[in-house]
Amino acid sequence: MNAIVKKAWGYRHIVLVVLWLLYIINYFDRLAVLTFLPFIQKDLNLTPVELGQLASVFFFAYSLAQVTAGFLADKFGPKRIMNIAIIVFTLVTALTGAVKSFGQFLALRIGLGLGEGHHFAPACRTINNWFPIAERGRFVSFFATSWAVAPAIVPVLITSISFYFFDGSWRPVFYLLAIPGLIGIWALWYFITNTPKEMLEKGRLSQEEYAHIMDANSASSVEEQASAEKKADKKSNRIFLQDGYFYVYTVLLFCQCAVYWGTTTWLTTFLVQQHGLNLKEMGFFASAPYIVAFFAMMLGGWLMDKVMHWMKPVALIAYIGCIPVLYLLGSVEKGQTGLLLLMLLLAGFFVNLNFGTIYAYIQKRYPTEVVGGATGLANGIGQMGSFVSPLVAGYLVVVQADGSQDFSRVFLFFSLTAAVAAVCAMILKESKVKAAETGVRKEAEQAV
């Protein structure tokens, strides 16, 4: 019984919880800017186009950082790269409170993107090092819940802090956000090491848990597999590069990121400028879609695993649902707060229903030997949707003669983007590339 308890809970779970909290801090810094964007716009006298540029440049830097983060984590260790990342985005967030011009803000947004972009891959690498193969799926999924939890709590929390403690001012909140960043730096230093062996040597990891992690990982076989995959890599990459459905998938992922980060970027500005919500009201309404998002992600995964067994049906439900909901959200008239809240909840559900399952497509279609390369390339292309969408939306905002802003064309754009994703989902084929898979495995076996 004692052995079972140790396998069920151990120091590796402390590592996971700390990584999860660190990513929540990452999202606090990222979402704070988006939450206060309409008030920053007013204070700095920014146009909607400039606002879109500020939002998009973050994602451009973030996408570039995603590419380098994995290589740096492999070379220097994930803990060191995460530490640098947290120091950078904590410093940039504090400096954001003192920003005075569009140029300064642009530079800080690039710095924030580079800092936060170097956090995700090292965190995943740390989970890979600390958890047995059989446990990684569910614990990576737990780590991913930070994507839903943070947007659900950040807007209402920081707007409440601004409202009750700083008379509605946004600048002091950014100074205050340096505190969780500093706590995160300390937690990373104290609780996390690159490998279980390092923590074993410090005497804070039991020999039994270390044996459980390493035995289940079967380190020698992993090394042999890695060697075989390296020798077969040139041929195996052709499996997805020559598959037309891979490029359809990247367009779908591009649209998914465009809809999610487009709506997330412009939501608070839409609520303030088109619906006239005050700071306190806006925080509540901005959090509403992401409270639903957590349950939508979990439901999407359950539907795929237990009911439909494929991503495609879940994707079609999500995107076909997004088309009318996003269009209607942009058309809700000012003062109809009940209808506005309903449409926000529906948007949160449909936009996020496929967000967890979409990344399972590559694992289902391609052999293990190419999953890493295919995922990296697809995600790199897909994340550019996060860059393009807020930028395009900035040009679609209509400024009325009285200074108010109309976002109906923005949400029509998001709706049409969801329609493109639905078409891609209809085209996709999810069955294994069997012939290619056989060839790669045979070559891998010969290499071993």
Side-chain angles (χ1 to χ4, degrees), residues 31-52 54-55 151-164 167-170 173 258-293 321-352 389-390 392-418:
L31 293 170
V33 173
L34 301 183
T35 301
F36 288 119
L37 213 50
F39 306 101
I40 296 172
Q41 178 186 22
K42 182 180 178 181
D43 286 357
L44 298 185
N45 195 28
L46 303 174
T47 67
V49 172
E50 289 175 325
L51 219 58
L54 288 170
I153 64 174
V154 170
V156 68
L157 181 59
I158 63 176
T159 53
S160 296
I161 291 172
S162 174
F163 183 83
Y164 288 109
D167 295 323
S169 176
W170 56 271
V173 177
V259 170
Y260 178 84
W261 281 110
T263 54
T264 300
T265 297
W266 284 99
L267 182 59
T268 56
T269 306
F270 161 71
L271 293 172
V272 171
Q273 299 290 1
Q274 182 162 314
H275 288 276
L277 300 185
N278 61 37
L279 179 67
K280 188 178 178 182
E281 293 170 334
M282 179 270 284
F284 169 74
F285 277 83
S287 292
Y290 303 101
I291 295 171
V292 178
C322 278
I323 295 169
V325 167
L326 291 173
Y327 172 73
L328 292 172
L329 176 58
S331 304
V332 175
E333 294 184 4
K334 185 177 180 179
Q336 296 183 324
T337 53
L339 180 58
L340 175 64
L341 181 60
L342 174 62
M343 300 313 298
L344 286 170
L345 293 172
L346 288 173
F349 177 80
F350 286 112
V351 169
N352 290 279
S389 179
V392 172
Y395 287 94
L396 295 176
V397 177
V398 177
V399 181
Q400 309 284 11
D402 61 358
S404 63
Q405 297 177 11
D406 181 7
F407 285 78
S408 57
R409 294 198 305 180
V410 173
F411 282 90
L412 174 60
F413 165 64
F414 296 150
S415 178
L416 293 174
T417 304

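- Proximity of a side-chain donor or acceptor of T268 to a complementary backbone N or O of F36 within less than 3.5 Å is not detected.
- Contact of the L267 side chain with the P289 side chain is registered, since non-hydrogen atoms from C-beta on lie closer than 4.5 Å.
- Nearest heavy atom pair, residue P151 against residue P155, reads O-CD, 3.1 Å.
- Atom OG1 in T269 sits 9.0 Å away from atom CZ in F39 (nearest 0.5 Å).
- The shortest side-chain heavy-atom distance between L396 and L412 does not fall under the 4.5 Å cut-off.
- Note that OG of S287 and CG of L31 are 9.5 Å apart. Values are rounded to the nearest 0.5 Å.
- In this structure, V292 and N352 have side chains that are not in contact, with every pair of non-hydrogen atoms separated by 4.5 Å or more.
- Taking all atoms of both residues into account, the shortest heavy-atom contact from V332 to H275 is O-CE1, 3.2 Å.
- Remark: Y395 OH to F413 CZ distance equals 13.0 Å, nearest 0.5 Å.
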Next item on the list: Check step by step if side-chain contact (heavy atoms from CB on, under 4.5 Å) holds for I323 and L416.
Entry: CA-CA 7 Å; I323 295 169; L416 293 174; over 6 Å; no
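- Without hydrogens or angle criteria, S162 side chain to I158 main chain gives no donor-acceptor distance under 3.5 Å.
- Listed for the T265 side chain is no donor-acceptor partner under 3.5 Å among the backbone atoms of P390.
- Applying the side-chain hydrogen bond (donor to acceptor under 3.5 Å, both in side chains) test to pairs two or more places apart or on separate chains, none has a residue in residues 326-340.
- Across all their heavy atoms, A418 and V259 have their closest contact at N-CG2, 4.0 Å.
- Without hydrogens or angle criteria, Q405 side chain to Q274 main chain gives no donor-acceptor distance under 3.5 Å.
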Item checked: Intermediate values then yes/no, side-chain contact (heavy atoms from CB on, under 4.5 Å), V154 and Y290 -> CA-CA 10 Å; V154 170; Y290 303 101; over 6 Å; no
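- In this structure, M282 and T35 approach most closely via the heavy-atom pair CE-O, 3.3 Å.
- Taking NZ from K42 and CD from Q273, the interatomic distance works out to 9.0 Å, rounded to the nearest 0.5 Å.
- Residues L340 and L329 have side chains in contact (heavy-atom distance under 4.5 Å, counting atoms from C-beta outward).
- Atom CG of L279 sits about 10.0 Å away from atom OH of Y164, to the nearest 0.5 Å.
- Using modelled atom types, no side-chain atom of S415 and backbone atom of F411 make a donor-acceptor pair closer than 3.5 Å.
- Under the side-chain contact (heavy atoms from CB on, under 4.5 Å) criterion, V325 pairs with M343, L346, A347, F350, not counting sequence neighbours.
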Item checked: Test log, rule side-chain contact (heavy atoms from CB on, under 4.5 Å), inputs L51 and W266 -> CA-CA 9 Å; L51 219 58; W266 284 99; 3.8 Å; yes
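- Put simply, the side chain of F414 does not reach to within 4.5 Å of the side chain of V351, judged on heavy atoms.
- The OG1 atom of T159 lies 11.0 Å from the CD atom of E281; values are rounded to the nearest 0.5 Å.
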Next item on the list: In sequence, state the C-alpha distance, the side-chain angles, and the governing distance for V33 and L54, and then conclude on side-chain contact (heavy atoms from CB on, under 4.5 Å).
Entry: CA-CA 10 Å; V33 173; L54 288 170; over 6 Å; no
